[in-house]
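Every heavy atom of this structure was used, including side-chain atoms; hydrogens, water molecules and symmetry mates were not. Everything numeric here is computed off the predicted structure, so don't read it as measured data.
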Amino acid sequence: MILTSISLQNYRNIAHAELEPGRELTVICGKNGQGKTNLLEAVWLLTGGKSFRGAKDAELIQEDAEYASVEGSCECAGRENRIRIFIGSSTPGGRRARTARVNGVDYGRATNAAGSFTAVVFDPGHLSLVKGSPEGRRKFLDAALCQLYPGYVTLLRRYTRLVTQKNALLKTYREIPDALSMLDVFDEELSRIGTQVSQKRQEYLALIRPEILRTYHDLSGAREKLDLRYEPCCTETQPLAQVLKKSRPRDLAAGFCTEGPHREDFSLFLDGRPAKSFASQGQQRSAVLSLKLAEAAGAQKITGEHPVMLLDDVLSELDETRQAYLLSRMEYRQTIVTACDPQLFQKTSGKVYRMESGVVRPV
């Protein structure tokens with residue numbers, strides 16, 4: 001996968017920008033607050049995913065502008081895709097949303113373009129994958145699966161809608177006639193859809209787990225050992241239907257669905273101790289980079305195409321050994337990196353751009 005060009009209009013603090021990344025390394029340098037991360041975020045939107053910073057669509061539009069757009073060209077499996085993401089309202093005063101066109105064809109909502117362009121993003125906010133809530137770790141798995149298996153988007157959306165509907169029923173359970181039969185119907189469908197969601201996550205994590213552990217081993221110079229343990233909601237010996245049936249009394253008492261893929265999690269361990277409690281900032285960064293590099297390697301195994309790497313402020317808080325290893329992993333694959341100090345990349349070859357007040361120029 002190669003991004004050959006990208007054009008932005010009215011995107012956050014960027015009134016207009018055009019960029020032709022190098023086929024391997026591209027460095028976007030500049031002081032903090034100039035728009036470097038905004039540019040990476042715009043590239044990420046071409047995947048069909050939401051903002052990796054959790055921003056709402058309306059927040060992506062430049063102040064006083066009616067809309068924002070991101071248009072990119074990429075090479076994938078010998079063909080070229082032209083993707084346009086539009087953020088705005090189709091009617092004056094209407095609700096703002098993201099829509100997509102791929103090679104001139106209207107795809108409707110932007111998530112439908114998933115698979116047309118693939119990328120892996122690292123942002124300092126992703127350090128929460130180690131110490132943050134289970135929701136962030138589930139999103140890590142789901143974001144990767146949505147890019148690799150377009151049907152997974154629909155599956156996850158259906159499961160989420162079912163949980164929302166069941167929760168609404170549980171909150172008003174005593175006020176609705178025949179609520180017990182309705183819960184049985186919800187649990188039957190939740191079991192069918194939820195089992196597929198959980199199995200996809202478990203299969204994907206099993207695929208990338210060896211790469212995660214190997215990458216951390218190399219990043220740390222074999223000084224530390226990372227381990228990862230998944231906590232699925234169901235197994236072959238304990239199917240989801242059985243889990244949901246057993247959790248019914250808790251669900252009724254709590255007023256929400258207490259079991260299912262929406263409660264799954266995985267934990268990271270360093271030398272046998274929970275990384276959540278014992279990892280330093282540098283170790284957290286190394287663990288998250290291991291997850292992200294393994295995500296990219298997994299995508300290449302599944303699709304035959306290495307995704308574009310988007311790395312925001314990636315070398316901070318890494319010692320020289322870890323920096324050198326990471327720089328070596330950037331070779332021979334397209335990587336777009338932001339940095340305050342371009343000197344960190346002086347030993348590598350690649351295109352360098354400077355960003356100032358939302359304007360990007362080649363150095």
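Within a 6.0 Å radius of CD in Q242, more than 12 heavy atoms belonging to other residues, nucleotides or ligands are found. With a 6.0 Å radius and a threshold of 12 heavy atoms from other residues, nucleotides or ligands, E231 has its CD atom above the threshold. Environment of CD in Q300: crowded, with over 12 heavy atoms of neighbouring residues, nucleotides or ligands closer than 6.0 Å. Residue-environment remark: CZ (R223) exceeds the threshold of 12 foreign heavy atoms within 6.0 Å. The environment of E203 atom CD is dense: over 12 non-hydrogen atoms of other residues, nucleotides or ligands sit within 6.0 angstrom.
Contact between E264 and S198 at its shortest, heavy atoms only, is OE2-OG, 2.5 Å. Closest heavy-atom contact between L207 and P210: O-CD, 3.6 Å. In terms of heavy-atom proximity, A17 sits nearest to V360 at CB-CG1, 3.9 Å. Here the closest heavy-atom approach between residue D57 and residue I87 is recorded as O-CG2, 3.4 Å. Closest heavy-atom contact between N13 and G33: ND2-O, 4.3 Å. For the residue pair C257 and N167, the shortest heavy atom distance occurs at N-OD1, 2.7 Å.
Aromatic ring orientation, W44 versus F52: perpendicular (interplanar angle above 60°, classes split at 30° and 60°).
In this model, no donor atom of one side chain and acceptor atom of the other lie less than 3.5 Å apart for D265 and Y230. Defined by atom type and a distance below 3.5 Å, a donor-acceptor pair is missing between the side-chain atoms of S181 and D184. Side chains of R229 and S267: a donor-acceptor N/O pair is absent below 3.5 angstrom, by distance only. Counted by atom type alone, E224 and Y216 present one or more donor-acceptor pairs between their side chains at under 3.5 Å. A donor atom on one side chain and an acceptor atom on the other are found under 3.5 Å apart for Y159 and H262.
Classification of K36 and D313 as a salt-bridged pair fails, no side-chain N sitting under 4.0 Å from a carboxylate O. Classification of E41 and R12 as a salt-bridged pair holds, one side-chain N sitting under 4.0 Å from a carboxylate O. Using a cutoff of 4.0 Å between basic side-chain nitrogens and carboxylate oxygens, E135 and K139 are scored as salt-bridged. Checked for salt-bridge contact, K225 and D271 miss the test: no charged N lies under 4.0 Å from a carboxylate O. The pair R250-E259 meets the salt-bridge criterion, with a side-chain N (NZ, NE, NH1 or NH2) lying under 4.0 Å from an Asp/Glu carboxylate O. Ion pairing between a basic and an acidic side chain is recognised when a charged N comes within 4.0 Å of a carboxylate O; E59 and R53 show no such pairing.
Here the side chain of S116 pairs a donor or acceptor atom with the backbone of A113 at under 3.5 angstrom. Here the side chain of E18 pairs no donor or acceptor atom with the backbone of I6 at under 3.5 angstrom. A distance-only check finds a donor-acceptor pair linking the side chain of R137 to the backbone of G132 [under 3.5 Å]. Q334 contributes a side-chain N or O that, together with a main-chain N or O of L3, makes up a donor-acceptor pair within less than 3.5 Å. Checked by atom type and distance alone, the side chain of T172 pairs as donor or acceptor with a backbone atom of A168 at under 3.5 Å. Judged by distance alone, with hydrogens and angles left aside, the side-chain atoms of E189 form no donor-acceptor pair with the main-chain N or O of V185 at under 3.5 Å. Under a 3.5 Å cut-off, the side chain of R109 and the backbone N or O of N112 do not form any donor-acceptor pair. Counting only distance, with no hydrogens or angles, the side chain of D312 and the backbone of T338 share no donor-acceptor pair below 3.5 Å. A donor-acceptor pair under 3.5 Å links the side-chain atoms of S220 to the main chain of H217, judged by distance alone. Here the side chain of R192 pairs no donor or acceptor atom with the backbone of D187 at under 3.5 angstrom.
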### Task
List the steps, then state whether side-chain contact (heavy atoms from CB on, under 4.5 Å) holds for Y173 with L180.
CA-CA 8 Å; Y173 176 78; L180 187 61; 3.8 Å; yes
### side-chain contact (heavy atoms from CB on, under 4.5 Å) assessment of Q284 paired with K131
CA-CA 8 Å; Q284 289 179 59; K131 293 200 171 187; 3.4 Å; yes
### Query
When you look at R23 and E75, which way does the salt bridge (charged side-chain N to carboxylate O under 4.0 Å, His left out) test go after all the steps?
CA-CA 11 Å; R23 298 186 72 85; E75 297 174 7; 3.0 Å; yes
### Task
Using the side-chain contact (heavy atoms from CB on, under 4.5 Å) rule, take T99 and R84 through it: C-alpha gap first, then chi angles, then the decisive distance, then the call.
CA-CA 8 Å; T99 56; R84 184 175 191 268; over 6 Å; no
#### Entry: side-chain contact (heavy atoms from CB on, under 4.5 Å) assessment of R209 paired with L213
CA-CA 6 Å; R209 184 178 182 275; L213 307 189; 3.6 Å; yes
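Within the 4.5 Å cutoff, side-chain heavy atoms of V314 are placed close to those of L326. Residues L219 and T321 form no side-chain contact, since every pair of their non-hydrogen atoms from C-beta on lies 4.5 Å or further apart. Using a 4.5 Å cut-off on side-chain heavy atoms (C-beta onward), T335 and T26 make no contact. With a 4.5 Å cut-off on side-chain heavy atoms, H126 and D123 count as touching. No side-chain heavy atom of F122 sits under 4.5 Å from any side-chain heavy atom of L293. Residues V308 and F117 meet the side-chain proximity criterion, which asks for heavy atoms closer than 4.5 Å. Side-chain contact between R82 and E71 is present, with heavy atoms from C-beta onward closer than 4.5 Å. The side-chain heavy atoms of P21 and K351, taken from C-beta on, include no pair separated by under 4.5 Å.
L8 CG to L19 CG: the interatomic distance, rounded to the nearest 0.5 Å, is 9.0 Å. Atom OG1 of T118 sits about 6.0 Å away from atom CD of Q147, to the nearest 0.5 Å. One finds the NZ atom of K31 at 10.0 Å from the SG atom of C340 (value rounded to the nearest 0.5 Å). The distance from the CD1 atom of I212 to the CG atom of L268 is 7.5 Å, given to the nearest 0.5 Å. Atom CZ of R79 and atom CG of N103 lie 8.5 Å apart (nearest 0.5 Å). A distance of 5.0 Å separates CD1 in I176 from CG in L169, rounded to the nearest 0.5 Å.
The hydrophobic clustering, which links ILVMFWY residues whose side-chain heavy atoms are closer than 4.5 Å, places M309 and Y353 apart. Residues V359 and Y11 do not share a hydrophobic cluster, clusters being chains of Ile/Leu/Val/Met/Phe/Trp/Tyr side chains in contact below 4.5 Å. Residues L310 and L129 are members of separate hydrophobic clusters, defined by side-chain heavy-atom contacts under 4.5 angstrom among Ile, Leu, Val, Met, Phe, Trp and Tyr. L156 is connected to I193 through a chain of hydrophobic side-chain contacts under 4.5 Å among Ile, Leu, Val, Met, Phe, Trp and Tyr, so both are in one cluster. Using a 4.5 Å cut-off between side-chain heavy atoms of Ile, Leu, Val, Met, Phe, Trp and Tyr, with links allowed through other members, F140 and L155 fall into the same hydrophobic cluster.
A cation-pi arrangement, defined by a distance under 6.0 Å to the six-membered ring centre and an angle within 45 degrees of its axis, is absent between K171 and F256.
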